[in-house]
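Presented below is the structure to which this report refers.
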2 protein chains.
Amino acid sequence: MSPSPTTGSGPSGAAAVASQRVADHLRAAILSGELRPGARIMQEQVAAQLGASRLPVREALRILAAEGLTVVKSNSGAWVSRMDMAECEGVYKIRERLEPLALAESIPHLTAEQVAELETIARQIELTTDVDRFLALDGRLHLLTYSGCRVTQITAMVDRFWNTTQHYRRAFARLAGDSGWELIHAEHRLIIDAIKRADIVDAERFLTGHIRRTRLELAQHPELFTEEDHDSDHTADAAGPAD
Amino acid sequence: MSPSPTTGSGPSGAAAVASQRVADHLRAAILSGELRPGARIMQEQVAAQLGASRLPVREALRILAAEGLTVVKSNSGAWVSRMDMAECEGVYKIRERLEPLALAESIPHLTAEQVAELETIARQIELTTDVDRFLALDGRLHLLTYSGCRVTQITAMVDRFWNTTQHYRRAFARLAGDSGWELIHAEHRLIIDAIKRADIVDAERFLTGHIRRTRLELAQHPELFTEEDHDSDHTADAAGPAD
DNA sequence: GGTATTGGCTATGGATCCATTCACTGCGAC
DNA sequence: GTCGCAGTGAATGGATCCATAGCCAATACC
């Protein structure tokens, strides 16, 4: 959720620098699903829409590319990053190692209020059937468990991978159905209980299992990654232009 | 060692795009130690030196900021990233989790020739007393152990953190002295042996210990991080401009 | 009828020029 | 003597204009 670690910009409110404004706008559009993976991003069009010149758009595309949200190909164009299943699994494997670390670094610094809020959010999640609301709450829950982590490098990485997998989490949550959510609720309860006990080992264990199980579930739904390009250029093949 | 995942550029040879040329030049200067942490980077100066306009330099600084090598502050300037001890420890904690993953993903795909080369490099390292040569060989050794990793996301992260800690590895290797290197040699032998046996569990274990021990050693040398700013601006306080 | 080549068009990359903003310095007042 | 303020300067951010590379289509040739 941190906008960008590279340039100093107001964490909240209107960014003074146009590049950040554009980057924030595009990032929100991508994360909300408005811009789907593989969608072409035209510099001129975005510039006109945001009332800026093409230059801030170019810098914004670089910033987002650094966050893994866009792909820029020289003399060709920019697209919203698209992952194949192998890449998505790779990201989940990274998250499997990284997020437990973030949690371990966070737990000693979590306040009682934050832990209480975790339980509130968890209850709200269990009462939710709407996919978008579930996604938002799930994000708030997990990121809140990491919020005590003082190491900015770790939280930056966690945020980054969280964002790049946003679209696939949405697609997954949509097809998982109510039955699949039961296990998620159980995992959340166990993680929060471990946090309440300040049991780092258990918390890491359950979180690792949580992410790992999601990865394995995801591997059983290759159809999430085989969707044809809708409005994208034919060169928008993948996140890595293999030149 | 992959130049940049963002824009397509020739993997080797002269980059067709100026931004990549500038980024490659600055990256090399930073990694070689020519540009030390905290050093101010002037857009105009670099542009003149590289025979380009300021625009590619700006984009290059964004690219390098994404890799964690530079820090750009709005309306202020750019500096080579500097870490305090806490940040450096944070990066080592990340590496402690991430590089074993890269190794685990790599081992099944390593060829016999590559394993043989590992032993050759390890022997060369043991015969080395020169710090810069040690650094180069150590880098080749470890990155070669990860070279079988097919997940580009993982290797990209590993390269990134390897680069950002380059300067501190150099400083550490310099003060470690011959006695400190003995343990490193032992760890290398154990890791390579586990790789030869295709024993992922052991390989991960020894690698984790290798990185962890380095982190703990580093924590005992805070003087590596207290060096005064030499030719840098007074605002070059840390890698994160706390605005 | 199929294929290769060439021409035009579009979008990005780069250069120059102008506005803005931050920092340093000098002066003045308390 | 020290603190505060204003002015100046330099470096960055942004806008416009031009060059270039890639894509697509039309045409000519096989």
Side-chain angles (χ1 to χ4, degrees), chain A residues 3-4 6-10 14-26 39-65 70-80 229 231-237 241-243, chain B residues 3-4 6-10 13-26 38-65 70-80 229 231-237 241-243:
Chain A
S4 168
T6 60
T7 56
S9 75
V17 242
S19 320
Q20 289 296 330
R21 275 195 73 87
V22 178
D24 291 345
H25 177 89
L26 287 176
R40 176 83 183 263
I41 302 177
M42 305 278 253
Q43 295 183 359
E44 217 161 338
Q45 177 182 330
V46 176
Q49 185 179 346
L50 274 283
S53 95
R54 262 181 48 222
L55 205 147
V57 180
R58 279 163 68 174
E59 304 215 333
L61 288 175
R62 288 247 185 272
I63 293 173
L64 296 175
T70 62
V71 176
V72 181
K73 200 175 170 186
S74 295
N75 290 316
S76 181
W79 292 264
V80 179
D229 18 27
D231 60 350
S232 65
D233 201 289
H234 72 284
T235 55
D237 43 7
D243 50 349
Chain B
S4 168
T6 60
T7 56
S9 74
V17 235
S19 319
Q20 288 296 331
R21 276 195 73 86
V22 177
D24 291 345
H25 177 88
L26 287 176
R40 176 83 182 263
I41 301 178
M42 304 278 252
Q43 296 182 0
E44 218 161 336
Q45 177 182 331
V46 175
Q49 185 179 347
L50 275 282
S53 98
R54 263 181 48 221
L55 206 147
V57 179
R58 279 163 68 174
E59 303 215 333
L61 289 175
R62 279 260 146 58
I63 294 173
L64 295 176
T70 62
V71 175
V72 180
K73 202 176 169 185
S74 293
N75 291 315
S76 181
W79 293 264
V80 179
D229 17 28
D231 60 348
S232 65
D233 201 290
H234 73 284
T235 54
D237 43 5
D243 51 347

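What's counted below: heavy atoms across the whole structure, side chains too, no hydrogens, waters or symmetry copies. Numbered from 1 within each chain, the chains take letters A, B, ... in sequence-line order.
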Which parts of residues 49-59 of chain A get close to DNA chain C, meaning a heavy atom less than 4.0 angstrom away?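 Heavy-atom contacts with DNA chain C come from A:Arg54, A:Arg58.
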
Can you tell me which nucleotide in D:dG14, C:dG13, C:dA11 comes closest to the side chain of A:Arg40?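 Of the options given, the side chain of A:Arg40 lies nearest C:dA11.
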
Validation row: A:Val57, A:Leu50 side chains within 4.5 angstrom (heavy atoms):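 No - every pair of side-chain heavy atoms lies 4.5 Å or more apart.
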
Do B:Thr70 and B:Ile41 have side chains that get closer than 4.5 Å, going by heavy atoms?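 In short, these two side chains touch, coming nearer than 4.5 Å.
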
Please give, in whole Å, the distance from [N] [atom2] to [X] [atom1]?
X       : N      : atom1 : atom2 : answer
B:Lys73 : C:dC22 : NZ    : P     : 9 Å
B:Glu44 : C:dC18 : CD    : C1'   : 14 Å
A:Gln45 : C:dT12 : CD    : P     : 10 Å
B:Asn75 : D:dG9  : CG    : C1'   : 15 Å
A:Ile41 : C:dT12 : CD1   : C1'   : 14 Å
A:Met42 : D:dG22 : CE    : P     : 17 Å

Closest approach of [X] to [Y] (non-hydrogen atoms, all atoms of both residues):
X       : Y       : answer
A:Val22 : A:Ala60 : CG1-CB, 3.6 Å
B:His25 : B:Gln49 : NE2-NE2, 3.8 Å
B:Glu59 : B:Ser19 : OE1-OG, 3.4 Å
A:Ser76 : A:Trp79 : OG-CH2, 3.3 Å
A:Ala23 : A:Leu64 : O-CD2, 3.8 Å

Using 0.5 Å steps for rounding, measure from the CZ atom of A:Arg58 to the CZ atom of B:Arg62.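 Answer for the CZ-CZ pair, A:Arg58 versus B:Arg62, is 12.5 Å.
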
OP1, OP2 of C:dG13 versus side-chain N and O of A:Gln43: anything below 4.0 Å?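 True: A:Gln43 side-chain N/O within range (under 4.0 Å) of C:dG13 OP1/OP2.
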
Does B:Ser19 make a side-chain N or O approach to OP1 or OP2 of C:dG14 shorter than 4.0 Å?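 So the side-chain polar atoms of B:Ser19 do come within 4.0 Å of the phosphate oxygens OP1 or OP2 of C:dG14, strictly under.
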
Describe, as an angle rounded to 10 degrees, how the axis at the first end of the helix from C:dG1-D:dC30 to C:dC30-D:dG1 is tilted relative to the axis at the last end, five pairs per end.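 About 10°, once rounded to a multiple of 10°.
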
